There are 2 protein chains.
Amino acid sequence: MAAYTPSALKAELNERGWRMTPQRETMLKTFQNLPEGTHLSAEDLCDQLDKEGEPISLSTIYRNLKLMARMGILRELELAEGQKRYEINQPAPHHHHHLICVRCNKTIEFKNDSVLKVGAKTADRSGYHILDCQLLIHGICPTCQRSIVPI
Amino acid sequence: MAAYTPSALKAELNERGWRMTPQRETMLKTFQNLPEGTHLSAEDLCDQLDKEGEPISLSTIYRNLKLMARMGILRELELAEGQKRYEINQPAPHHHHHLICVRCNKTIEFKNDSVLKVGAKTADRSGYHILDCQLLIHGICPTCQRSIVPI
DNA sequence: GCAGTCTTCGGAGTCATTCTCAATAACAAA
DNA sequence: TTTGTTATTGAGAATGACTCCGAAGACTGC
Ligand SMILES: [Mn+2]
Ligand SMILES: [Mn+2]
Ligand SMILES: [Zn+2]
Ligand SMILES: [Zn+2]
């Protein structure tokens with residue numbers, strides 16, 4: 001749950017016998033420069049990097065998304081149906097949670113420090129090294145409540 | 001976020017122009033009678049119903065799991081990799097959250113009313129009709145912290 | 001530099017989930 | 001109770017997000 005510089009990432013990778021690569025640095029920088037509220041899928045990221053002239057193969061993207069999520073650099077989100085989305089894992093002042101409409105997937109981000117504290121305390125009590133803490137609220141948004149469309 | 005009887009389920013289904021079926025009643029009862037801490041995948045449920053002599057086709061199970069989750073009767077959980085798991089959505093005294101090890105998927109359930117209140121308040125403030133509220137903590141469990149196995 | 005091995009790439013493969021459609025059966029109205 | 005309408009089921013096919021594979025490339029430590 002800390003912000004990473006490329007060299008901090010390299011240090012942590014090497015410490016575990018892994019290697020820094022241009023692809024990993026590109027992915028880190030891309031996520032760090034994303035506007036708040038952006039949640040990228042693997043394909044989204046692949047397309048965006050293509051457009052920016054720094055293409056990375058889809059397999060590499062999948063591999064490194066999972067790696068960086070398990071290192072606590074990225075958070076893995078299950079917001080919409082069918083595919084995982086990722087965002088940078090920011091510490092306290094930027095850390096946030098998600099409120100999602102199950103019908104139209106409209107997503108609202110919100111912050112709450114007390115939830116974050118509950119998360120830290122709970123993980124600690126069980127001896128877990130915490131990587132991410134997200135409150136997920138599913139509901140039906142005002143628009144969808146009014147709509148006649150079922151489900 | 002309320003407990004359902006078969007007739008309450010039928011009433012709510014009919015209200016929307018949908019129908020009560022033996023399959024839906026069987027699924028509801030099965031989830032209600034599950035021991036606490038049980039998280040079933042679609043295939044788990046299919047296998048269990050086969051053994052109990054009340055088989056339901058896998059397509060029907062998938063269809064109704066999603067339906068019941070969107071009605072707020074079941075909660076859809078993304079605990080392990082690769083498949084969704086479901087449990088009954090209990091109100092306040094039984095409602096709980098999950099702490100998960102990203103390496104071995106060991107899962108601990110815990111209760112916290114203040115988080116539940118934050119969830120209700122947040123949904124309300126945005127006009128969302130709340131269906132589920134789950135705090136998801138990802139971390140590394142004590143055993144996996146000690147293990148030499150990477151990632 | 002060099003050896004060792006971690007990583008990348010592209011394509012093939014996997015499998016959870018969704019789709020299709022004919023047959024069935026709730027539901028509501030008569 | 002009977003009947004018409006149409007939601008639902010079941011079996012298998014199809015989809016697609018994701019993983020695996022193997023050869024080629026490239027970090028790291030020595
Ligand atoms: Mn977000
Ligand atoms: Mn649970
Ligand atoms: Zn909506
Ligand atoms: Zn573990």
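All figures in this text were calculated on a predicted structure; none of them were measured in a lab. Each chain gets a letter, A, B and so on, in the order the sequences are listed, and its residues count up from 1.
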Across all chains, not counting sequence neighbours, the side chain to side chain contact (heavy atoms under 4.5 Å, CB included) partners of Gln48(B) are Thr30(B), Leu34(B), Leu40(B), Glu52(B)

Starting at atom OH of Tyr62(A), determine the distance to atom C1' of dT14(C), rounded to an integer number of angstrom. 13 Å

Rounded to the Å, how far apart are Gln83(B) CD and dT18(C) P? 13 Å

So if I take every side-chain heavy atom of Ser59(A) and compare against dT8(C), dG11(C), dT9(D), which nucleotide ends up nearest? dG11(C)

Any non-hydrogen side-chain atom of Arg24(A) less than 4.5 Å from a side-chain atom of Lys29(A)? no

Nearest-Å distance for atom pair CG/P, residues Leu9(A) and dC27(D): 14 Å

For His39(A), give me all partners under ring-ring contact (aromatic ring centres under 6.0 Å, His included), at least two apart in sequence or on another chain. His98(A)

Kindly write out the residues that satisfy side chain to side chain contact (heavy atoms under 4.5 Å, CB included) with Lys111(B), not counting sequence neighbours, or none if the list is empty. His96(B)

Shortest non-hydrogen separation from Leu135(A) to Val118(B) and the atoms involved: CD2-CG1, 4.1 Å

Cluster question for you: counting only ILVMFWY and a side-chain heavy-atom cut-off of under 4.5 Å, with indirect links fine, are Met68(B) and Leu77(B) together? no

Terminal helix-axis angle for the helix from dG1(C)-dC30(D) to dA30(C)-dT1(D), with five pairs defining each axis and rounding to 10 degrees: 60°

In B/S/- notation (B base, S sugar-phosphate only, - none; protein heavy atoms under 4.0 Å), nucleotides 21-30 of chain C written 5' to 3' is ----BBS---

Rounded interatomic separation in angstrom, taking CD from Glu78(A) and P from dA17(D): 12 Å

Please list residues of residues 48-58 of chain B whose heavy atoms come under 4.0 Å from any atom in DNA chain D, ordered by number; otherwise none. Ile56(B), Ser57(B)

So, is Asn64(B) close to the dT9(D) phosphate, meaning a side-chain N or O under 4.0 Å from OP1 or OP2? yes

Between Gln32(B) and Tyr4(B) (side chain of the first, backbone of the second, donor and acceptor by atom type, cut-off under 3.5 Å), is there such a pair? yes

Does Gln134(B) use its side chain to pair, donor to acceptor, with the backbone of Glu76(B) at less than 3.5 Å? yes

Less than 4.5 Å apart, any side-chain heavy atom of Ile137(B) and any of Ile130(A)? yes

Minimum heavy-atom distance Cys101(A)-Tyr128(B), with the two atoms named: N-CE2, 3.6 Å

On a heavy-atom basis, which atom in Glu43(A) and which in Leu58(A) lie closest, and how many Å separate them? OE2-CD2, 4.2 Å

